[in-house]
Amino acid sequence: MPDDFSAALCGLGAQVLQRDWLSANQTVFAAAGPHAPATVVDTGYARHADMTVALVHHALAGERLGRILNTHLHSDHCGGNRALQAVHPGVRTAIPVHSMAAVQAWDEQRLTYELTGQSCERFRADEALVPGSRVQLGPAWWEVHAAPGHDPDAVLLFEPQTRTLIAGDALWEDRLAIIFPELDGGDGFGATRRTLALIESLRPRCVVPGHGAPFGDVAAALAASRVRLEAFERDPARHANHAARALVMFHMLEHQRQPRDTLARWLLATPVFGMAWQVARPREAPAPWAQGLLDSLVGSGVLVAVGDDLALPTTG
Ligand SMILES: [Zn+2]
């Protein structure tokens, strides 16, 4: 991370714990008075929840965690909530307001875990993050903005004095996150476009993305996202194929290595792939399409065949 970002984040009482593509980054704020307890924004994937607990403990130098905030409730952003709630009794958890009912009922379909075949342990939500409101994190007040597109309920957090943005998955430096509503017949592309325009209007100086390092060249990131978005709008089948590939790779980041038959069966049994298949409208039936998808991942080198297994290249 460039030094000037570290200094700016430090001035905000924040540390960014950069994780990977299975677990989203954490932004950790030290406590700053009675209304700003020590806080973590986003908590990674369930499989690595113990690591998240340890990293947050280290970042806070043992100080008690008082609050958890989630930019959205994809499994890689809130998978550590349950473990953090268990080790920090009394911690308050704030989630995007439009996800509140789904969490209270623990509706795994609405929360997308059933859809994507991903796991997330049930957690408690205490408060809603409402777009248009503000929340004190460390010494500063942060604006809560709606950030639909990738996830219809998502929010982002913006600190206007330093123009620092915690973007969740609404903006990455050089990729564009899956636009889930488009796989389900909803308007995701338009919402994504509006959220990119909102981010542009905020003129952030430093963006803390959900994945990858903090970055400052926001114009380049917005331009790259818009190029990707236009290509997907012109050809939604391309977006559906991209989504299917990214979701297989997420599953493989979790499992590292799997028999090809097991992976193909999982893919055919997981609803999001059926939705992607319908949008992609390939000539093949789902089973050969799934096999073609796995072949294409091997062909592009992101998976390797090891006997009857498929694996990540580093573990093959
Ligand atoms: Zn996400």
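Start at 1 and go down the list; that is how both ligands and their atoms are numbered. The shown structure was predicted, so the numbers you read here are calculated from the model rather than taken from an experiment.
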Heavy atoms only: give me the nearest Leu183-Ala240 pair and the separation to one decimal. CD2-CA, 4.0 Å
For the Zn ion (ligand 1), the nearest N/O/S atom on Asp169 is atom OD2
Among the N/O/S atoms of His74, select the one at the shortest distance from the Zn ion (ligand 1) and name it. ND1
Could you walk me through whether Asn81 and Asn70 satisfy the side chain to side chain donor-acceptor pair (under 3.5 Å) test, starting with their C-alpha distance in whole Å, then the side-chain angles of each, then the deciding distance to 0.1 Å, before giving a yes or no? CA-CA 9 Å; Asn81 282 19; Asn70 296 118; 2.7 Å; yes
Angle at the Zn ion (ligand 1): provide the value between NE2 of His72 and NE2 of His150, rounding to 10 degrees. 110°
By the definition side-chain contact (heavy atoms from CB on, under 4.5 Å), identify the one residue from Val298, Val304, Thr262 that meets it with Leu310. Val298
If you draw the axis of the six-membered ring of Trp21, does the NZ or CZ of Arg175 fall within 45° of it and under 6.0 Å from the ring centre? yes
